[in-house]
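Because the structure is a prediction, the values reported are computed rather than measured. Just so you know, residue 1 is the first one in the sequence shown, and it goes up from there.
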Amino acid sequence: MMPALLRGRGACLALVAAVSFLVHAKGLSAPLLDYHFHRQVNTASIARNYWRQALPIAQPRIDWAGPEDRLAGTELPAYMWLYGKLWPVFGLGELWGRLISVAASALTALLLFGLYEREFGREAALWGAVTFSFLPVEIYFGRTVQPEATALLALVSALILWEKALDPGRPWLAWTLAVFCAFIATGLKLPYAHMLAALAGLTWRRLGRRAWTDWRTALAGALAMGGVIAWYLRARQGVYVVPTHGDEYVKLLSYARLPYFMQFQIFSRFPELVTTYGGAVLFALGAREVLGRRRDAFWIAWFGGVALHLFAMAGYSHYHEYTALPMAPVVAGLIGVAAAGLRARIGLLAPGRRAWAQAAFLLLIASIPAHAALRIHHWYRQGFTYLASARAAAAAVSSPSDLFLTNCQASSVLLYYLDRRGWSDELDIHPEDAPRILDEAAARGARFIASEKRGLFAAPDGSLWRRFRAQGPPLWDDGALVIFPLGGPSALNGRIGPRP
């Protein structure tokens, strides 16, 4: 079966694409309230503003910090801008975020097949490209409403185009497109600057010592990174969404615990979410061949650059699993080398031993998707079910111009589902400050307070529930979400919603 499949390149590409779409289909139309919900809702909220206000790409705006839209201090908003432009198409709205990521992941897998094929041959390419889609970190973050999948597509594209740009004659079109893709990848995810190591490895492998004095290479790096720096100088003027200032990074990195974070990456994150345990065996075999025996400068630089970036990101990479996503294409390529090599060696065995070896080989391969299914299945669980009625609740008791204060752990989340502007604070964390926060919000024009019916707002004993209930019944109470009047009368004159 394998020889017949390998004879047709189109069949290989079709299989790679089909596997990618299949593994990323789970939860495709689900709300954004699975794992890393806060980051996904932030992204969707900014994209929705792009659509509603027809904003230019350089004007990402947030609507969760008061009555006016404010500049978002965020990464290069190429993904969010495209998301916003597609929002009204076919009436899919929010769903476009996942669709873009799924499409980007499939394109990445196809490009990796081509890259692996040139590097290691067709069989290794097929094993590697299919394995890429089965790695846990890729399965989940290859379909989230975040820029990760798009950034990875741009990164792989930059590598492929840069290799083309190093061909005899040094074609300028490939050079220009490589610079653009490197800019997009690093602009979308600043830590992806580690790709410079892989690009340098490619250049060294092709040019040798001439790479040190190659002005095209220096210019490419300056243009790509210069564009990223220019964007972040602008973004740092906006409201915090992602770190854009040095002190914000320092707080997240926590270098005092660097040794712990490094060993965690090696002994936990890498085998659990990147390679899987079975895949780690194949990765070791592939690494021994490519990094050890061949000492391939490109693959050494690519793997080393990603590993160094994960170590350097310390606490941030520890708490954010998606930072390991750039390791997936490196690991998958080396697994592909090992799988093809093992299959060739198994074919040379005596028939009796061959059957056992083939069974062990297939078991090792099958352990990769099995591990992934067991390890990340809980990431798909939906939380915050009280938000299901939020939009209907806001429409029932308020007008679109009314401002809300929300009691929520993530600034944008409840406001996004209410489809209202305002402010947010997690009052349950600091209940002693709640009266002051409520008074300040009312003074700034907030007319309503919305919260999940728990903690301070739990009936009948929550302190804020008692405070507001003493003033009158809630405007909305469906047993999960509660809304009380906070300031002056609404434009809808306090229309009443469901009550228990």
Side-chain angles (χ1 to χ4, degrees), residues 1-17 19-20 105-135 138 152-153 155-167 195 197-206 274-276 278-307 326-348 357-358 361-362 364-365 368:
M1 181 178 177
M2 179 65 77
L5 180 61
L6 292 173
R7 279 196 294 271
R9 192 168 191 267
C12 293
L13 291 170
L15 177 61
V16 169
V19 168
S20 179
S105 293
L107 287 172
T108 301
L110 292 171
L111 289 176
L112 286 173
F113 175 84
L115 174 61
Y116 299 156
E117 186 179 34
R118 289 190 297 276
E119 295 283 319
F120 309 124
R122 184 168 295 174
E123 182 173 353
L126 183 59
W127 285 113
V130 169
T131 298
F132 167 75
S133 295
F134 281 129
L135 300 179
E138 164 59 23
L152 190 62
L153 171 61
L155 185 153
V156 173
S157 299
L159 294 177
I160 292 170
L161 288 163
W162 186 248
E163 184 179 33
K164 182 68 175 175
L166 294 170
D167 283 348
M195 76 162 63
L199 293 170
L202 268 176
T203 308
W204 180 267
R205 191 173 70 175
R206 185 69 65 87
V274 183
T275 62
T276 73
V281 175
L282 294 169
F283 165 78
L285 294 174
R288 184 179 65 175
E289 170 65 22
V290 178
L291 308 185
R293 192 180 70 81
R294 302 184 193 179
R295 297 184 181 179
D296 190 295
F298 166 52
W299 286 89
I300 290 172
W302 194 1
F303 175 72
V306 180
M327 187 62 85
V330 187
V331 163
L334 297 178
I335 287 177
V337 171
L342 282 176
R343 225 179 65 82
R345 293 178 64 181
I346 290 171
L348 300 176
Q358 286 175 336
F361 172 75
L362 292 175
L364 195 61
I365 293 294
I368 296 175

Test item: Y116 side-chain N/O and G128 main-chain N/O as donor-acceptor pair under 3.5 Å: no
Chi angles and distances behind the side chain to side chain contact (heavy atoms under 4.5 Å, CB included) call for R288, R293: CA-CA 6 Å; R288 184 179 65 175; R293 192 180 70 81; over 6 Å; no
CZ-CG distance between F283 and L334, expressed to the nearest 0.5 angstrom: 5.5 Å
R295/E289 salt bridge by N-O under 4.0 Å criterion: no
Pair I365-L282, side chain to side chain contact (heavy atoms under 4.5 Å, CB included): steps then yes or no: CA-CA 9 Å; I365 293 294; L282 294 169; 3.7 Å; yes
Audit row: E163, R118, side chain to side chain contact (heavy atoms under 4.5 Å, CB included) steps and yes/no: CA-CA 11 Å; E163 184 179 33; R118 289 190 297 276; 3.7 Å; yes
Heavy-atom side-chain contact between S20 and F132 under 4.5 Å: no
Pair S133, E138: side-chain N/O donor-acceptor within cut-off below 3.5 Å: no
From CE (M327) to OG1 (T275), nearest 0.5 Å: 10.0 Å
Check: V337 and L285 side chains under 4.5 Å, non-hydrogen atoms: no
Beyond-backbone contact of M195 with W302, side-chain heavy atoms, under 4.5 angstrom: no
From I346 atom CD1 to L362 atom CG, the distance as rounded to the nearest 0.5 Å: 7.5 Å
W127 backbone acceptor or donor facing T131 side chain under 3.5 Å: yes
Worked verdict on L159 versus F298 for side chain to side chain contact (heavy atoms under 4.5 Å, CB included): CA-CA 10 Å; L159 294 177; F298 166 52; 4.3 Å; yes
Salt bridge present between E119 and R205 (N-O < 4.0 angstrom): yes
Smallest separation among heavy atoms of A11 and L5, with atom names: CB-CD1, 3.8 Å
Nearest atoms (heavy-atom pairs only) where V16 meets A129: CG2-CB, 3.7 Å
More than 12 heavy atoms of other groups within 6.0 Å of R345 CZ: no
Inter-residue atom distance L6.CG - C12.SG, 0.5 Å rounding: 5.0 Å
Student check: side-chain heavy atoms of L112 and V156 closer than 4.5 Å: yes
Side chain R122, main chain E117, donor-acceptor under 3.5 Å: no
Considering all heavy atoms, the nearest A197-G305 contact: CB-CA, 3.9 Å
Spacing of L115 atom CG and L110 atom CG [to the nearest 0.5 Å]: 12.5 Å
Note, V130 side chain near L126 side chain (heavy atom, < 4.5 Å): yes
Among V19, I335, T276, side chain to side chain contact (heavy atoms under 4.5 Å, CB included) partner for F134: V19
Nearest-0.5 Å distance that lies between atom CH2 in W162 and atom CG in L199: 7.0 Å
Within-4.5 Å side-chain heavy-atom neighbours: L152 and P329: yes
Closest approach of L166 to T203 (non-hydrogen atoms, all atoms of both residues): CD1-CA, 3.7 Å
Validation row: L291, D296 side chains within 4.5 angstrom (heavy atoms): no
Aromatic plane relationship, W299 with F120 - under 30° parallel, 30 to 60° tilted, over 60° perpendicular: tilted
